[in-house]
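Here is the naming used below: chain letters follow the sequence lines, and residue numbers restart at 1 for every chain.
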Protein chains: 2
Amino acid sequence: MHDVAAAARVSVATVSRVLNGNEKVDPERQRRVLSAIEELGYRRDGVARNLRRGSTKVWGLVISDIENPFFTSLVRGVQDQADEEGYSIILLNSDEDLDKEGRCLALMVEERVAGAILSPVSETKSVMDLLISTGTPTVMVDRRIRGLAVDTVIVDNVLGAYDGTMHLLGAGHRRVACISGPAESTTGSNRVTGYLRALEKTALAAEPELIRTTDFKRGGGYRATLDLFRQDPRPDALIVMNNLMTEGALHALRELGLRVPRDVALVGFDDLSWATLVEPQLTTIAQPVRELGRAAAELLGRRCRGDSFGFPAEVMLAPSLQIRESSVSKQPFSGDSAADSRSPRTR
Amino acid sequence: MHDVAAAARVSVATVSRVLNGNEKVDPERQRRVLSAIEELGYRRDGVARNLRRGSTKVWGLVISDIENPFFTSLVRGVQDQADEEGYSIILLNSDEDLDKEGRCLALMVEERVAGAILSPVSETKSVMDLLISTGTPTVMVDRRIRGLAVDTVIVDNVLGAYDGTMHLLGAGHRRVACISGPAESTTGSNRVTGYLRALEKTALAAEPELIRTTDFKRGGGYRATLDLFRQDPRPDALIVMNNLMTEGALHALRELGLRVPRDVALVGFDDLSWATLVEPQLTTIAQPVRELGRAAAELLGRRCRGDSFGFPAEVMLAPSLQIRESSVSKQPFSGDSAADSRSPRTR
DNA sequence: TTGAAAGCGCTAACAC
DNA sequence: GTGTTAGCGCTTTCAA
């Protein structure tokens with residue numbers, strides 16, 4: 001920078017001003033600076049800049065599993081919006097582990113990220129203290145931490161599960177089983193709540209032997225399904241509360257020799273890229289995942305600019321039931337369910 | 001840090017030494033420093049540290065589409081290894097666009113990343129110049145840039161495509177169509193090469209009307225498939241050179257009313273999480289994607305430590321053909337292909 | 001083994 | 001509008 005200033009016969013301050021472009025600079029000098037920069041191949045040192053300004057243009061994004069398509073789309077949404085606002089994303093992996101999550105947060109604080117977006121591992125344990133005490137702008141996404149006043153973007157999980165369950169009940173199924181995630185997670189518990197509300201609405205009693213909570217992973221869905229369907233009488237329908245567990249459930253059902261939807265009607269939470277490629281096409285509760293990420297980043301951008309509402313915002317997006325074939329019995333109980341069975345092609 | 005030093009009745013230099021832990025410090029003083037840090041809730045400023053040390057503990061990872069499961073697994077592999085070596089990952093999105101890629105590189109240089117891993121948009125255009133001129137350790141992954149002496153980790157695409165094609169030819173198919181990606185990309189062109197080699201080996205002439213190159217995306221695969229199978233005579237087999245295009249191809253085949261494998265035998269490059277959930281189960285050429293990422297990060301780690309080989313390393317990993325049902329005709333031409341049709345369950 | 005002090009490259013007062 | 005200059009918080013000589 002010193003060299004650039006010398007070459008352009010100006011001071012370093014002028015070079016800085018040209019680089020930042022906010023203050024007025026004589027056009028002629030500006031030209032000289034620009035060409036000196038070009039000539040010398042000068043690149044500003046962002047680290048020094050960050051130190052001096054006391055802030056970075058980086059956001060930390062903490063998720064538990066980049067290989068889960070849900071988080072993948074979330075990352076994409078966050079990144080798109082971050083791009084627009086001039087931030088980069090440092091991607092941290094909590095692996096669904098509290099300790100690791102803690103280390104991620106510590107790292108973010110050390111690196112002085114301008115803000116953080118996280119999908120907390122646990123609903124209760126407040127690892128947030130660190131972020132709060134350092135005043136790091138933060139947005140929770142997908143899950144929330146109970147009783148914490150912080151910006152949050154989530155999907156209406158209760159509604160989604162309710163809709164999916166009602167859809168199965170409406171088709172005449174009476175033994176609707178449910179596989180959800182850990183009760184400690186917002187998503188896990190809220191989806192069960194939605195399921196229970198639907199039963200209630202239909203004046204059906206909740207039967208504990210129809211409900212399983214496991215780990216939101218393929219293996220968990222697989223084992224829970226085996227477990228559920230080895231009972232007698234067995235369920236006549238199943239709602240699985242996330243994408244990976246749905247994959248596991250499909251494997252299990254096939255292994256058990258049960259046909260969908262003839263033997264079991266199926267609804268899965270989270271849309272799947274291949275939902276319309278399988279036979280039968282899968283009925284899913286689609287979440288607006290990318291928008292979830294976008295919204296979180298937008299909120300964070302606002303906080304970072306300081307033009308936020310004083311109080312924490314909570315954005316709740318609505319999921320949408322994609323009715324396809326897996327949930328539609330060949331012999332519908334009610335006459336009008338045929339209208340539902342048209343498969344809305346998603347391409 | 002000043003405060004910590006004061007509280008511990010030592011100098012800032014000693015605090016620094018304790019923090020870094022390489023130099024010898026009197027145990028008693030060390031204890032005082034540690035408890036002062038605890039007491040004051042002090043956290044070292046990583047930005048200042050980076051400035052002073054002239055290097056960061058961050059690697060930049062540039063990929064074109066985080067929503068493609070291939071890149072997702074790649075990211076995971078990189079991240080796992082980076083974690084182990086004490087680096088964080090800043091994830092940049094090139095969107096398959098040269099301009100955007102250029103901006104990503106510029107950003108990395110500005111932010112003084114310790115190293116870069118990238119999957120270059122174009123095989124020829126050397127946007128690498130910037131990284132080279134700044135001396136940023138770099139590893140290419142998945143694709144390479146022709147004639148550039150830089151560490152590279154790729155999969156043996158020629159071999160993968162060759163194996164897949166041979167498998168189809170071995171089952172007796174004689175009109176094997178091929179859909180690949182852009183000829184300018186290493187992956188696109190090498191996979192066509194593998195396909196051609198297999199034809200050659202079988203003493204079959206390459207027929208241009210059986211080959212399509214498109215964009216490695218769902219829509220491209222879909223359109224190319226429609227295009228290929230509306231010909232007369234139509235192909236009796238199809239090899240699709242990536243995951244997304246395979247999805248598109250499946251949609252197209254269904255739309256055309258063609259059954260797999262009865263009417264068309266199918267092999268897809270890239271394994272798919274749901275390959276064993278569809279009917280028929282899909283034969284795929286699986287890439288060791290996570291290992292690809294891990295290997296790249298390992299190479300980069302070595303470069304950053306300076307304990308690298310002087311010359312650029314090229315690591316080539318082998319893909320593996322996963323023979324399932326989609327490639328196996330109901331009436332096999334050769335007697336022994338039945339042995340191949342056992343589905344190797346991947347879970 | 002420790003402390004004093006220089007300075008990494010930049011931005012933002014401040015004085016002109 | 002422009003230049004001078006004081007740090008941002010840390011690490012690392014260097015001398016003790």
Side-chain angles (χ1 to χ4, degrees), chain A residues 1-37 40-58 86 88 106-114 134-136, chain B residues 1-34 36-37 40-58 86 88 106-114 134-136 304:
Chain A
M1 186 154 164
H2 181 81
D3 298 346
V4 171
R9 284 166 292 130
V10 297
S11 71
V12 289
T14 300
V15 176
S16 174
R17 283 190 265 256
V18 169
L19 245 26
N20 292 307
N22 332 330
E23 282 175 77
K24 286 209 131 358
V25 178
D26 174 79
E28 159 61 11
R29 283 157 185 259
Q30 166 146 342
R31 208 194 42 69
R32 291 210 310 262
V33 169
L34 257 18
S35 67
I37 287 175
L40 301 173
Y42 166 80
R43 308 246 146 209
R44 153 170 73 194
D45 185 325
V47 177
R49 178 175 209 240
N50 291 339
L51 174 59
R52 176 58 230 240
R53 314 223 324 184
S55 71
T56 61
K57 276 298 212 176
V58 176
S88 304
L107 184 70
M108 292 199 294
V109 168
E110 254 201 41
E111 295 304 321
R112 298 280 185 268
V113 296
T134 55
T136 311
Chain B
M1 187 153 164
H2 180 83
D3 297 347
V4 172
R9 285 167 291 130
V10 298
S11 70
V12 288
T14 301
V15 176
S16 174
R17 285 191 263 258
V18 170
L19 245 26
N20 292 307
N22 332 331
E23 283 174 77
K24 286 211 133 355
V25 177
D26 175 79
E28 160 61 10
R29 283 158 184 258
Q30 166 147 341
R31 208 194 42 68
R32 292 211 309 263
V33 169
L34 256 19
I37 286 174
L40 301 173
Y42 166 79
R43 308 244 146 210
R44 155 169 70 195
D45 185 325
V47 177
R49 178 175 209 239
N50 292 339
L51 174 61
R52 176 58 231 241
R53 314 226 320 187
S55 72
T56 61
K57 276 299 211 175
V58 176
S88 305
L107 184 69
M108 291 199 297
V109 169
E110 254 200 42
E111 295 303 322
R112 298 281 186 269
V113 296
T134 55
T136 311
C304 289

Between B:Ala48 and B:Glu23, who's closer to the 5' end of DNA chain C by nearest nucleotide?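 Result of the comparison: B:Glu23.
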Please determine if a side-chain N or O atom of [X] lies less than 4.0 Å away from the OP1 or OP2 oxygen of [N].
| X | N | value |
| --- | --- | --- |
| A:Arg49 | C:dT11 | yes |
| B:Arg29 | C:dT2 | yes |
| B:Thr14 | C:dG3 | yes |
| A:Asn50 | C:dC10 | no |
| A:Ser16 | C:dT11 | yes |
| A:Arg44 | C:dT11 | yes |

Between [options], which one does the side chain of [X] approach most closely?
| X | options | answer |
| --- | --- | --- |
| A:Arg52 | D:dG3, C:dG3, D:dG7 | D:dG7 |
| B:Leu51 | D:dT2, C:dA4, C:dC8 | C:dC8 |
| B:Tyr42 | D:dC10, D:dG1, C:dA5 | D:dC10 |
| A:Met1 | D:dT2, C:dT2, C:dT11 | C:dT11 |
| B:Val12 | D:dG9, D:dT4, C:dA5 | C:dA5 |
| B:Ala13 | C:dT1, C:dC10, D:dT12 | D:dT12 |

Is any side-chain heavy atom of B:Tyr42 less than 4.5 Å from a side-chain heavy atom of B:Leu19?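 Yes, their side chains come closer than 4.5 Å.
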Between the side-chain atoms of B:Arg43 and the base atoms of D:dG9, is any donor-acceptor pair under 3.5 Å?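 There is none.
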Working to the nearest 0.5 angstrom, can you tell me the gap between A:Glu111 CD and B:Ser88 OG?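 The CD atom of A:Glu111 sits 6.5 Å away from the OG atom of B:Ser88.
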Report the distance from atom [atom1] of [X] to atom [atom2] of [N], rounded to the nearest whole Å.
| X | N | atom1 | atom2 | value |
| --- | --- | --- | --- | --- |
| A:Glu110 | D:dC8 | CD | P | 19 Å |
| A:Arg53 | C:dA13 | CZ | P | 12 Å |
| B:His2 | C:dA4 | NE2 | P | 11 Å |
| A:Leu19 | C:dG9 | CG | C1' | 12 Å |
| B:Glu111 | C:dC10 | CD | P | 12 Å |
| B:Asp45 | D:dG7 | CG | P | 18 Å |
| A:Arg32 | D:dG1 | CZ | C1' | 13 Å |
| B:Asn22 | D:dT12 | CG | C1' | 12 Å |

Looking for any heavy atom pair under 4.0 Å, which part of the strands does B:Val47 touch: base, sugar-phosphate only, or nothing?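 Counting heavy atoms under 4.0 Å across all strands, no contact is made by B:Val47.
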Does any N or O in the side chain of A:Arg9 come within less than 3.5 Å of the main-chain N or O of A:Ala6, such that one atom is a donor and the other an acceptor?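 Between the backbone of A:Ala6 and the side chain of A:Arg9 there is no qualifying donor-acceptor contact (under 3.5 Å).
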Do any N or O atoms from the side chain of B:Thr56 and from the backbone of B:Arg112 form a donor-acceptor pair under 3.5 angstrom?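 Yes; at least one donor-acceptor contact below 3.5 Å.
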Just by distance, with hydrogens left out, do A:Arg44 and A:Asn20 show a side-chain donor and acceptor under 3.5 Å apart?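 A donor-acceptor contact under 3.5 Å links the two side chains.
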Residues A:Glu110, B:Arg43: salt bridge by 4.0 Å N-O rule: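 No, A:Glu110 and B:Arg43 are not salt-bridged.
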